2 protein chains.
Amino acid sequence: MPSAPRPSELRYGIRPTMKDVAAHAGVGLKTVSRVVNREPGVTPETEHRVQASIEALGFRRNDSARVLRKGRTASIGLVLEDLADPFYGPLNRAVEEVARTHGALLINGSSAEDPERERELALALCARRVDGLVVIPAGDDHRYLEPEIRAGMATVFVDRPAGRIDADVVLSDSFGGARAGVAHLIAHGHRRIGFIGDHPHIHTAAERLRGYRAAMAEAALPVAEAWTAPGSTAPGRVAAAAEAMLDDAAEPVTALFAGNNRVTVTLVRVLAARTRPVALVGFDDFELADLLRPAVTVVAQDAAALGRVAAERLFDRLAGARPAAERIVLPTTLVPRGSGEIPPAG
Amino acid sequence: MPSAPRPSELRYGIRPTMKDVAAHAGVGLKTVSRVVNREPGVTPETEHRVQASIEALGFRRNDSARVLRKGRTASIGLVLEDLADPFYGPLNRAVEEVARTHGALLINGSSAEDPERERELALALCARRVDGLVVIPAGDDHRYLEPEIRAGMATVFVDRPAGRIDADVVLSDSFGGARAGVAHLIAHGHRRIGFIGDHPHIHTAAERLRGYRAAMAEAALPVAEAWTAPGSTAPGRVAAAAEAMLDDAAEPVTALFAGNNRVTVTLVRVLAARTRPVALVGFDDFELADLLRPAVTVVAQDAAALGRVAAERLFDRLAGARPAAERIVLPTTLVPRGSGEIPPAG
DNA sequence: AGAGGGTTCGACAACGTTGTCAGAGCCGGA
DNA sequence: TCCGGCTCTGACAACGTTGTCGAACCCTCT
């Protein structure tokens with residue numbers, strides 16, 4: 001017996017199923033399924049009756065059951081390092097937008113830079129049977145994903161390369177960007193340039209250091225041992241390293257290149273406390289860099305583009321494309337704003 | 001017949017099930033389930049054999065089926081406005097951390113400030129049967145969630161109140177924060193203070209405007225019509241509004257209060273281009289505010305705390321707590337840095 | 001030797017949905 | 001009148017897991 005929606009039929013703590021709706025509307029289970037999924041072959045009269053029952057009971061399809069039956073979840077997973085890091089917000093958002101155009105939801109989690117947690121998260125997402133996985137690696141061994149990939153899990157790595165496994169990777173051009181940034185300092189007359197970056201076991205950090213060395217070598221400039229300080233990005237460590245380079249009695253550096261935006265911000269603070277101007281170029285742009293005095297010259301990478309390209313690659317694979325695993329490198333842009341154009345002092 | 005793990009048994013594009021593992025290990029289906037879930041009642045010998053088969057076949061439990069059977073998904077949904085906005089990164093992360101301590105995953109989506117999209121997202125999450133929902137409202141009518149809540153979906157709103165529905169809400173003290181910020185300007189000698197904020201139909205924006213008026217009233221200061229400019233936060237609109245207040249021939253303002261951090265940043269740019277110093281206090285802190293010259297005085301809200309409190313409330317409800325819907329208001333903090341302590345010019 | 005209790009294990013149903021297939025009803029044409 | 005071919009509908013199995021329950025076995029005690 002069909003009936004008009006009456007709130008009283010909504011019951012607390014009970015999830016009506018298609019079976020309930022079918023009974024309420026006086027039709028078969030499958031007919032409800034057809035209406036819910038807008039499948040053809042239902043008379044307008046029947047459809048209307050079913051719709052009324054759906055609203056009366058407050059029915060909502062249980063996607064878990066649907067997923068179980070269909071095998072596809074219409075969702076993709078994103079494992080990233082830290083959602084609170086402003087670099088990953090736009091990346092996350094870009095992945096989400098691409099997913100949205102494909103009708104998929106995004107499930108994400110932060111690894112907090114912990115390889116074990118990255119692994120747990122990625123495998124949890126696999127257990128949920130997301131259709132695909134975008135991973136910003138924290139660890140450097142991703143063989144744990146091999147069974148998943150083999151079983152058909154499309155996977156794309158972003159921002160850092162995958163470790164010991166053959167998979168798509170989307171990266172910024174760390175080497176080229178750092179080389180261009182350092183060359184920019186050299187072009188403005190600097191000869192003694194310091195490099196402060198992240199731990200060298202992080203691939204991007206190592207690449208940026210390599211870019212620094214390449215630029216120096218191309219200008220035939222020697223690099224003193226004391227001028228490179230890869231390591232933790234903790235403000236204390238970074239500040240101490242900078243002070244040491246700047247105050248070196250014999251060969252003080254006149255310019256600094258920062259390996260990522262956290263280092264850059266720390267260096268801005270250090271330099272603000274000093275009288276003699278020091279040139280600074282940072283890898284990775286950040287908000288308000290243009291409002292600081294001097295405004296900060298940076299090598300900008302396009303976080304949104306990283307996310308977009310990675311997600312598109314993922315959906316290409318989900319659509320059936322089977323190209324060989326590829327390394328896609330996106331260009332960086334040098335943005336001169338002032339701090340990188342300060343001439344050497346003394 | 002049990003066997004040692006041999007990679008060749010991993011087959012492409014095939015997901016082994018517990019049944020496959022059971023056959024491979026020569027045990028019953030349920031025994032595999034027991035091993036996977038670490039349930040007691042399996043001899044070490046059997047367990048070992050099953051583990052070997054699991055690894056040999058690359059088995060991973062299908063959580064969709066598990067969810068279907070158990071009724072709980074161990075995941076919560078978060079609908080927010082824009083992941084790329086730096087304000088929401090820490091909030092998101094805080095929710096995730098709380099979820100993690102409860103063994104739950106976070107599924108999130110951006111509404112892009114579009115009520116219709118918020119609705120779609122929230123309902124999609126309900127269809128996935130997330131255990132609970134944290135919503136940063138974009139719209140102001142959430143009656144669409146009533147059937148879900150009635151059916152047992154725990155729901156907490158953050159940052160802005162829910163519309164036309166009775167539910168938990170966690171908010172920053174917009175009124176009190178704005179009042180304190182404006183009072184701070186008054187305490188530094190200002191009498192003509194401008195307010196530039198977001199559209200007043202946004203609850204927080206209206207509250208902040210109310211706080212501004214309260215502070216002015218408490219100091220017995222009149223508020224000229226031209227001194228309040230609620231509306232779009234588009235930089236052009238904000239800049240024009242600021243210029244108009246500052247250049248008013250009769251009653252130019254000597255200080256500005258910004259209703260949110262986007263407005264603040266725009267005002268910093270506007271003021272940087274002017275010669276006469278103008279005092280500025282912004283609602284909501286932002287990175288590097290302390291490095292600008294002058295450093296920007298703000299009324300800080302704790303985005304992470306908003307997320308944490310909301311998520312904890314959610315899990316309390318999931319654990320069975322059934323308190324009446326409540327409005328939880330978190331305090332704000334005035335952070336004097338320089339821009340808010342500039343005395344009135346002229 | 002038999003009873004009693006504990007441990008280990010597997011057959012089976014159920015979760016809510018969708019795909020398959022066949023039945024019922026109707027129409028038009030021979 | 002009967003048949004073929006539509007359209008609309010529902011019964012049923014299946015997806016992969018977990019909860020229930022009872023069977024089989026081993027040990028101990030009388």
Side-chain angles (χ1 to χ4, degrees), chain A residues 2 13-51 53-54 57-75 124 126-131 151-152, chain B residues 2 13-51 53-54 57-75 124 126-131 151-152:
Chain A
I14 300 252
R15 283 277 181 191
T17 70
M18 284 191 179
K19 201 167 135 194
D20 300 326
V21 175
H24 187 271
V27 300
L29 175 56
K30 181 67 212 200
T31 299
V32 177
S33 173
R34 273 190 267 261
V35 171
V36 168
N37 295 294
R38 293 182 173 69
E39 283 170 29
V42 181
T43 49
E45 200 275 329
T46 308
E47 177 177 350
H48 183 266
R49 214 169 55 196
V50 171
Q51 281 292 3
S53 294
I54 287 176
L57 298 179
F59 167 79
R60 187 161 317 281
R61 181 177 64 198
N62 184 330
D63 274 356
S64 302
R66 167 171 236 254
V67 162
L68 175 60
R69 189 61 235 255
K70 305 204 74 157
R72 286 244 157 169
T73 56
S75 60
C126 288
R128 306 247 154 164
R129 295 293 189 272
V130 293
D131 296 334
Chain B
I14 301 252
R15 284 277 180 189
T17 68
M18 284 190 179
K19 203 169 135 193
D20 300 326
V21 175
H24 186 271
V27 302
L29 174 56
K30 181 67 214 203
T31 300
V32 177
S33 174
R34 274 189 267 260
V35 170
V36 168
N37 295 295
R38 294 183 173 69
E39 284 170 27
V42 181
T43 48
E45 201 275 328
T46 307
E47 176 177 352
H48 184 265
R49 215 169 55 197
V50 171
Q51 281 292 3
S53 294
I54 287 175
L57 298 178
F59 167 79
R60 185 160 317 281
R61 181 177 63 200
N62 185 330
D63 273 357
S64 302
R66 167 170 236 255
V67 162
L68 176 60
R69 187 63 233 257
K70 304 203 74 155
R72 285 243 157 169
T73 57
S75 59
C126 289
R128 305 247 155 166
R129 296 293 190 273
V130 292
D131 296 334

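The structure displayed is predicted, hence computed values, not measured ones. To find a chain, count down the sequence lines: A is the first, B the second, and so on, and within it residues start at 1. Computation of the quantities below employed the complete heavy-atom set of this structure, encompassing side-chain atoms and omitting hydrogens, waters and symmetry-equivalent molecules.
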Minimal heavy-atom distance between Asp131(B) and Ala74(B), with the atoms involved, is OD2-N, 2.8 Å
Tell me the closest heavy-atom pair linking Ala65(B) and Leu68(A), and the distance in Å. CB-CD1, 3.7 Å
Nearest heavy atom decides the nucleotide; on that basis, is Asn62(B) or Arg34(B) closer to the 5' end of DNA chain D? Asn62(B)
Can a donor-acceptor pair be found, under 3.5 Å and without considering hydrogens, that links the side chain of Arg49(A) to the backbone of Ala25(A)? yes
Could you tell me whether Lys70(B) contacts a base, only the sugar-phosphate backbone, or nothing, with contacts defined as non-hydrogen atoms closer than 4.0 Å? sugar-phosphate
Counting C-beta onward and ignoring hydrogens, is there a side-chain heavy-atom pair between Arg15(B) and Asn62(B) closer than 4.5 Å? no
Nearest heavy atom decides the nucleotide; on that basis, is Pro44(B) or Ala65(A) closer to the 5' end of DNA chain C? Pro44(B)
Nearest-Å distance, CG (Leu29(A)) to P (dC12(D))? 12 Å
Which part of the nucleic acid, if any, lies within reach of Ser64(B) when heavy atoms closer than 4.0 Å are counted: base, sugar-phosphate only, or nothing? nothing
Looking across every strand, which nucleic acid part, if any, lies under 4.0 Å from Val42(B) by heavy atom: base, sugar-phosphate, or nothing? sugar-phosphate
When the nearest nucleotide of DNA chain C is assigned to Arg66(A) and to Val32(B) on a heavy-atom basis, which residue is associated with the more 5' position? Val32(B)
Test side chain to side chain contact (heavy atoms under 4.5 Å, CB included), reference Val50(B), set Val36(B), Val35(B), Val42(B), output is Val35(B)
If the helix axis at each end comes from five base pairs, how far does the helix from dA1(C)-dT30(D) to dA30(C)-dT1(D) deviate from straight, to 10°? 60°
Under 4.0 Å, heavy atoms only, any strand: does Val27(B) hit a base, just the sugar-phosphate, or nothing? sugar-phosphate
Which part of the nucleic acid, if any, lies within contact of Val36(B), taking any heavy atom under 4.0 Å across all strands shown: a base, the sugar-phosphate backbone alone, or nothing? nothing
With respect to Met18(A), which candidate in Val32(A), Thr31(A), Ile54(A) satisfies the side chain to side chain contact (heavy atoms under 4.5 Å, CB included) definition? Val32(A)
Using a 4.0 Å heavy-atom cut-off across all strands, classify Asp63(A) as base, sugar-phosphate, or nothing. nothing
Interatomic distance, CZ@Arg61(A) vs CZ@Arg129(B), rounded to 0.5 Å, equals 10.0 Å
What residues, two or more places apart in sequence or in another chain, satisfy side-chain hydrogen bond (donor to acceptor under 3.5 Å, both in side chains) together with Arg66(B)? Asn37(B)
Tell me whether Arg128(A) contacts the main-chain N or O of Asp63(B) through its side chain, where contact means a donor paired with an acceptor under 3.5 Å. no
Its 5'-most and 3'-most nucleotides having an atom under 4.0 Å from a non-hydrogen atom of chain B, DNA chain C is contacted over dT8(C) to dG16(C)
N/O (side chain, Thr43(A)) to phosphate O (OP1/OP2, dC8(D)) under 4.0 Å: no
